[in-house]
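The structure appears below as structure tokens.
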There are 2 protein chains.
Amino acid sequence: MSHTLGARQAQKQKTRQAFLDAALALLEEQSLSSLGLREVTRAVGLAPTAFYRHFRSIPDLGVALVDEALGSLHPMVRETVSTTGDSEERITRAVELIAHYVAAHPSHVRFIARERHGGVQPVREAIGGQLARFAEEVKATLAQDPEAAGWSDDDVLMLARLYVDQMLISASLFLEALEGPAHERDRVARLATRQLRLITIGRDHWLD
Amino acid sequence: MSHTLGARQAQKQKTRQAFLDAALALLEEQSLSSLGLREVTRAVGLAPTAFYRHFRSIPDLGVALVDEALGSLHPMVRETVSTTGDSEERITRAVELIAHYVAAHPSHVRFIARERHGGVQPVREAIGGQLARFAEEVKATLAQDPEAAGWSDDDVLMLARLYVDQMLISASLFLEALEGPAHERDRVARLATRQLRLITIGRDHWLD
DNA sequence: TCATCCAGTTAACAACTGTTCTCTGGAATT
DNA sequence: AATTCCAGAGAACAGTTGTTAACTGGATGA
């Protein structure tokens, strides 16, 4: 049973969310390692010291952003990848999922792409952990496919990582094409589709 | 004919290189967007104002680092990819090239991976430009292969981008495994090899 | 109703930032 | 030998940073 929050707790969560939102907006034009604590509190409209009521440090806030950006994506990915159908259909659905997610949450995607190899260790590790989870989930789905008969566990994971990395690359391309005209986004979608298709063809002939 | 530098110019180039080296070392643990001008000059052992004799700004220095990191790589990549041989041989050579380059220039690789999607626009653009050059070079090589008969130009470029992106991902994995024991690097090498192999199999059956 | 809690405030700290203007001394040019 | 050039130094500028301590006042629970 869910337990109704007091007005106290509710307000605290609102403020915390305001910190996350403000930070994400500021991170459109810089990296986390240059984001200042005062900068964030100023954007929210609070005193600098209020920050410490919600986060221990900026890296700590960064880790929270990672969860916000990727945490809700797991069920979506599982559903998209696991529902049965033609290979080609699944590819189309995957590309559409990416395009839709990027359009709906551009700053989250930018944040993940930027900080995946960024200068803040705990955040890198948090992202790496989430991506490893995605890879495991995709692996589990692939392993259930009839096409996976005869594959070693290691090779299925290899393929899953390939798919996940490819998703991220496509997401980043979609992001770059977001401001531009629609035909640019179509080009990205066609590129992503063909690359996934080529990988899938490679999968079909892996055991030859 | 090459023209011998005066003692004046030679010293200036040495100092400039010292700036680049110091910046690269500092960037092991942070992003370019948080790198301070004074921080760099302090590391070099010069007055803050000396910086302006060599670079207009930190982003400017960043662009110079991109050229240093990727400029010398073009001939190596061309040679590695273009020399004739079995597909499997070429994959092995490519993976070895990456492993060797990461081991020889780890901080350059880290810099490129970190700033490719980093918070400094001119640097992102410089990296993007260099990667596009790599893709074009790989494309030109692939187009000469007998396997490319019947391929559209666009599809060859699609494949070339896939290879280049995969190279970068592998380089980043090699980097993470650099400090660890040798068997970790072997695992990365085996993973990269199999992924390239799968892509190549996909290429062989693309026109089916 | 009264005591407790705690999100947010205020003030102050030493340390740091990028950029300017002016100056110096040795190399380069004439 | 006399002059020009220019890499680097020095000092000062107004702002910025993270973190500390002690506070206020409204919601919470007894």
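First the proteins, then the strands, lettered A, B, ... as listed; each starts at 1.
- One N or O on the side chain of A:Q195 and one on the backbone of B:M158 form a donor-acceptor pair closer than 3.5 Å.
- In this structure, B:H74 places its NE2 atom where more than 12 heavy-atom neighbours from other residues, nucleotides or ligands lie under 6.0 Å away.
- In this entry the distance linking CD of B:Q13 with C1' of D:dA7 reads 14 Å, nearest Å.
- With hydrogens and angles disregarded, no donor-acceptor distance shorter than 3.5 Å links the side chain of B:S31 to the backbone of B:S34.
- The existence of a salt bridge linking A:D145 and A:R90 is confirmed by a sub-4.0 Å separation between a basic side-chain nitrogen and an acidic carboxylate oxygen.
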Original post:
Under the side chain to side chain contact (heavy atoms under 4.5 Å, CB included) criterion, do B:F174 and B:V109 qualify, and how do the steps go?
Top reply: CA-CA 10 Å; B:F174 271 120; B:V109 174; over 6 Å; no
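- Boundaries of the chain B contact region on DNA chain C are C:dT17 to C:dA28, first to last in 5' to 3' order (nucleotide atom under 4.0 Å from a heavy atom).
- Straight-line distance from the CZ atom of B:F55 to the C1' atom of D:dG8: 15 Å, rounded to whole Å.
- Atom pair B:Y52:OH and D:dA9:C1' shows a separation of 15 Å (rounding to whole Å applied).
- Close to D:dT17, at under 4.0 Å from its OP1 or OP2, lies a side-chain N or O of A:R42.
- If you check the side chains of B:Y163 and B:T200, you find a donor sitting under 3.5 Å from an acceptor.
- Consecutive Watson-Crick or G-U pairs involving DNA chain C, each under 3.5 Å on both distances, make up stems of three or more pairs at C:4-12 with D:19-27, C:14-17 with D:14-17, C:19-27 with D:4-12.
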